[in-house]
Every structure is written in structure tokens, then in C-alpha cells.
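For reference, the structure is listed below as C-alpha cells.
Please read these numbers as outputs of a predicted model, since none were measured by experiment. Each ligand, and each atom within it, is numbered from 1 in the order the structure gives. Computed over heavy atoms, backbone and side chain alike; hydrogens, waters and symmetry mates excluded.
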Amino acid sequence: MTHLPLSADLIAEANARHADALDEDYTALGRKLARTGIDIDAVLGRVASFSVAVPSWGAGRGGTRFAKFPIPGEPTNIHEKLEDCAVINQLSRVTPRVSPHFPWDKVSDFAALREEAAALGLGWDAVNSNTFQDQPGQAHTYANGSLSAQDAATRQQAVEHNIECIEIGKQLGSTDLTVWVGDGTNFPGQQDFARSLDRYLDAASQVYAALPDDWRMLLEHKMFEPAFYSTVISDWGSSILAAQELGPKAKCLVDLGHHAPNVNIEQIVARLHRFGKLGGFHFNDSKYGDDDLDSGSINPHQLFLVFNELVEAELNPRDGFNPSYMIDQSHNVTDPIESMLSSAEAITGCFAKALLVDRDALHAAQESNDTMMAFQALRRAYSIDVAPILAKARVAAGGAIDVLEAYRLSQYRARKAQERKAVGLGAGIV
Ligand code: LRH
Ligand code: MN
């Protein structure tokens with residue numbers, strides 16, 4: 001039996017004010033799409049089965065090394081984070097899973113946590129290990145790396161932590177382990193590139209050996225930060241080679257913010273898929289570095305082009321097309337719930353636009369080197385306002401037509417500010 005945080009009546013009342021306009025817009029869009037042979041209800045069906053996971057660590061305010069500015073009523077533990085994630089899913093109806101991070105989300109009873117989430121209508125996506133911070137009382141520091149550390153005892157500690165995350169994930173019902181290591185160097189000569197990679201591969205293979213049959217290990221590459229000269233798994237090339245070396249359960253995870261500015265990420269997606277190694281995504285946006293800004297807020301066209309490749313990939317499956325979609329953002333200046341509502345809309349919107357691409361026209365233009373018509377096949381789909389389809393899908397599932405309006409009408413954050421203890425000042429991502 002689920003008990004959702006917001007009153008269904010409030011959502012219904014808010015929707016009632018928009019229902020006629022939505023019907024009008026949906027019908028008009030349906031007529032427009034029908035003229036090009038697209039059945040809007042078929043697209044609605046695809047959108048209705050689309051979902052993206054939210055990061056537990058995104059439910060609280062994020063920060064930079066300089067500062068973090070908490071807001072009253074922000075969550076202070078996994079239980080409050082789950083409640084906030086349930087608000088996002090209750091309004092958007094596209095975020096039914098949470099991706100947890102350990103030890104940040106550690107509790108004593110994971111079976112109880114699983115039930116608690118289920119009662120909020122939530123399940124679990126990939127679990128994230130953390131060997132980029134030292135924990136109080138930790139035997140070996142990660143200051144000089146973790147899975148690739150020169151010190152064997154440190155590597156073993158990192159292996160055991162990842163295996164512990166798998167054990168936790170099994171209790172939560174997860175089947176993916178995301179492994180991002182910040183391992184790298186700040187000075188030329190600090191470490192040998194080949195030997196540090198070999199140490200990483202040896203340690204990662206011990207984590208791989210602990211994976212249950214139906215699990216995957218998602219390797220997350222990142223160009224820089226916290227290391228600023230070299231990073232052990234710095235790009236998709238290092239990631240795919242490591243995943244091929246580890247085995248079929250090892251896949252590559254693409255965090256959109258982990259590339260140099262202007263890198264063609266959609267081509268990386270196509271390459272990883274071509275070789276059956278596309279495991280998942282951390283959606284966000286960025287202008288400079290790993291800014292972890294809201295998905296689609298800076299470069300929505302890139303997000304559309306990524307989904308265009310994903311729709312193509314689904315039509316040409318390699319080794320089972322099942323990428324895990326997750327948001328990974330740092331909400332430094334907005335209400336995290338509002339940012340994830342807005343991001344879920346942007347992500348689902350780009351998926352819907354990618355479904356509207358006339359693939360026959362695109363392929364025909366590509367085959368005949370008709371460059372302009374090939375580009376126009378994408379541009380025509382990108383320019384369509386799919387908001388009525390997204391809203392229809394939400395309403396049909398019990399969500400809100402205008403998610404931000406309904407959220408603000410609920411006064412949820414103000415209520416939580418009364419209930420929850422204040423979060424202290426600090427810095428850093430969580
Ligand atoms: C690294 C990263 C990784 C998470 C962390 C919170 O930049 O993207 O996915 O573990 O952010
Ligand atoms: Mn990430």
C-alpha cells in the first residue's frame with residue numbers, strides 16, 4: 001500500500017484548471033503529427049513507459065568547494081531524501097527509481113529501507129560506491145587513489161567497499177553497480193599511466209567477480225577533477241577498453257558533464273552501443289567543466305541528439321539494449337525538487353522529440369548524401385513542442401499537468417522547513 005507525500009486532491013484541482021487547454025493542444029498536435037503519418041497515441045504510449053532515476057544526493061542542496069547554501073526544509077538523511085524523491089515521482093510520474101550512494105545513504109536495515117521506498121512508490125536503480133572520500137576510522141586513505149592505488153591494502157579496501165555496495169544493492173533490489181573513481185594525478189611523473197591502469201584493472205576484476213549473474217558494473221569515465229593532470233578512467237576509450245577487459249557484465253556509463261567542452265557525446269553514445277558496451281547515463285548539463293547543471297538547461301539540442309542516437313540504437317540492438325537512465329546533478333541555487341522536476345521534463349521531452357524523427361526520410365537522405373534533408377529530418381522533430389504529450393502521460397498516471405505549479409501550491413518545502421532540522425553551512429557536493 002503506497003502513501004504518497006502530496007494530496008491527490010490538490011493535484012486533481014490544479015489539473016482541472018488546465019485540462020481543457022491540454023485537450024485542445026493535444027488534439028491539435030495529434031492532427032499536425034498525423035499529417036506526417038505519426039500516431040500521437042503511439043508516441044504517448046512510448047513516453048508513458050519512459051523513466052529516469054533520480055540521485056539520492058541530488059535531493060539536497062549541492063555546493064562547490066567554495067560553499068554550499070542550504071535551504072530550510074532540505075532533507076538531512078536518506079529517509080527525508082526518499083520522501084522528496086516521492087514528490088518528484090508523484091508529480092512527474094517518470095522518476096520511479098532512486099540511485100543511492102554509499103556510505104552517504106547507509107542505514108542499519110536495508111530491507112526496511114526497501115519497504116519504506118516501496119510505500120512511497122519508489123524502487124532502486126544503480127548503487128554508487130564511494131572511494132573518492134575518506135570515512136571516519138577508515139584504515140587506508142584514498143588520497144593516492146583507490147582501485148588503482150599503489151598501496152595493495154588500499155586497493156583491497158576499495159574492492160571490499162564495492163563488494164559491500166553490491167551486497168547492499170541486492171537487499172534493495174538493484175542490479176547495477178556504478179563505479180566512478182577519481183583516481184589520477186596532479187603532476188607529470190606522479191604515477192605511471194600503464195601501471196596505475198593495470199592496478200585498477202586487477203582490483204576492478206575482483207569487484208567484477210563478486211557480481212551476481214544478473215548484475216552489471218557500470219564504469220563511469222571522467223576527464224578531470226578531483227585529479228587535474230591525469231585521470232585513470234578519463235574518457236570513453238579507457239572505459240570501453242577496461243569494460244572489454246573485465247567481461248560482458250562490465251558496461252560504460254556516460255555522465256554528460258565528464259567530457260571536454262564541445263566533445264561530440266552523441267557519437268560516443270553511438271560508439272559504445274556499436275560495441276555492446278552502452279550501460280547507462282548520468283544526465284546533467286554543463287558549460288565549462290563537470291558543472292552538474294540541470295539537464296537540458298544549457299545545451300538541450302545536445303540532449304536531443306543523444307536521444308536521437310538512443311532511438312537509433314534501440315532499432316539496431318547490440319548485446320541487448322538496456323541503458324540505465326539516471327540524473328546526476330548538483331542543485332546549488334534552486335529547490336532540488338524543482339530542478340529535478342524540470343530536468344525530468346527536459347529529458348523525457350528529448351526522448352519524445354527523438355521518437356518524432358522520420359527515420360525513413362533521415363536514412364534515405366543519408367544514403368543519398370542529401371545533407372540538408374538529413375539535417376532537416378532531425379531539426380523538424382526537434383522543433384516540435386511535445387509538452388502536450390508529456391502532460392497527457394503524467395495525467396494518465398496520476399501526475400500533474402503543470403508540475404512546478406502543483407509543487408508550489410502544495411507548500412511542501414515550507415511544511416518540511418517546519419518539520420526538519422536545519423542543515424549546517426558547509427561546502428562540497430553533499
Ligand atoms: C563524479 C560523479 C559520480 C558520482 C558523483 C556524485 O563527478 O559524477 O557519478 O559518484 O558525481
Ligand atoms: Mn556522475
What class does the angle between the rings of [X] and [Y] fall in, given that below 30° is parallel, 30 to 60° is tilted and above 60° is perpendicular?
X      : Y      : result
Tyr412 : Tyr407 : tilted
Phe304 : Tyr382 : tilted
Phe228 : Phe224 : tilted
Phe132 : Trp180 : tilted

Short version for Asp328: what comes under 4.0 Å of ligand 1, heavy atoms counted, is side chain
Does Glu225 approach ligand 1 within less than 4.0 angstrom via side chain, backbone, both or neither, non-hydrogen atoms only? neither
Metal check, the Mn ion (ligand 2) vs His258 N/O/S, cut-off below 2.8 Å: no
Taking backbone and side chain together, does Asp292 place any N/O/S atom at a distance below 2.8 Å from the Mn ion (ligand 2)? no
Mind listing the closest non-hydrogen atom pair of Ser196 and Phe193 along with its distance? OG-O, 3.1 Å
Side chain or backbone, does [X] bring an N or O within less than 3.5 Å of an N or O on ligand 1?
X      : value
His282 : yes
His101 : yes
Asn128 : no

Does any donor atom in the side chain of [X] or [Y] lie under 3.5 Å from an acceptor atom in the other side chain?
X      : Y      : result
His258 : His282 : no
Gln329 : His331 : yes
Asn128 : Ser99  : yes

Is there side-chain contact between Asp105 and Phe110, with heavy atoms separated by less than 4.5 Å? no
Heteroatom of [X] nearest to the Mn ion (ligand 2) (N, O or S, atom name):
X      : value
His282 : ND1
Glu220 : OE2
Asp328 : OD2
Asp255 : OD2

Show the atoms of ligand 1 that are less than 4.0 angstrom away from any heavy atom in [X].
X      : result
Glu220 : 2 (C), 3 (C), 8 (O), 9 (O)
Asp255 : 8 (O)
Lys222 : 1 (C), 7 (O)
Asp290 : 7 (O)

If the test is side-chain hydrogen bond (donor to acceptor under 3.5 Å, both in side chains), which one of Gln133, Gln157, His161, Gln135 qualifies with Tyr142? Gln157
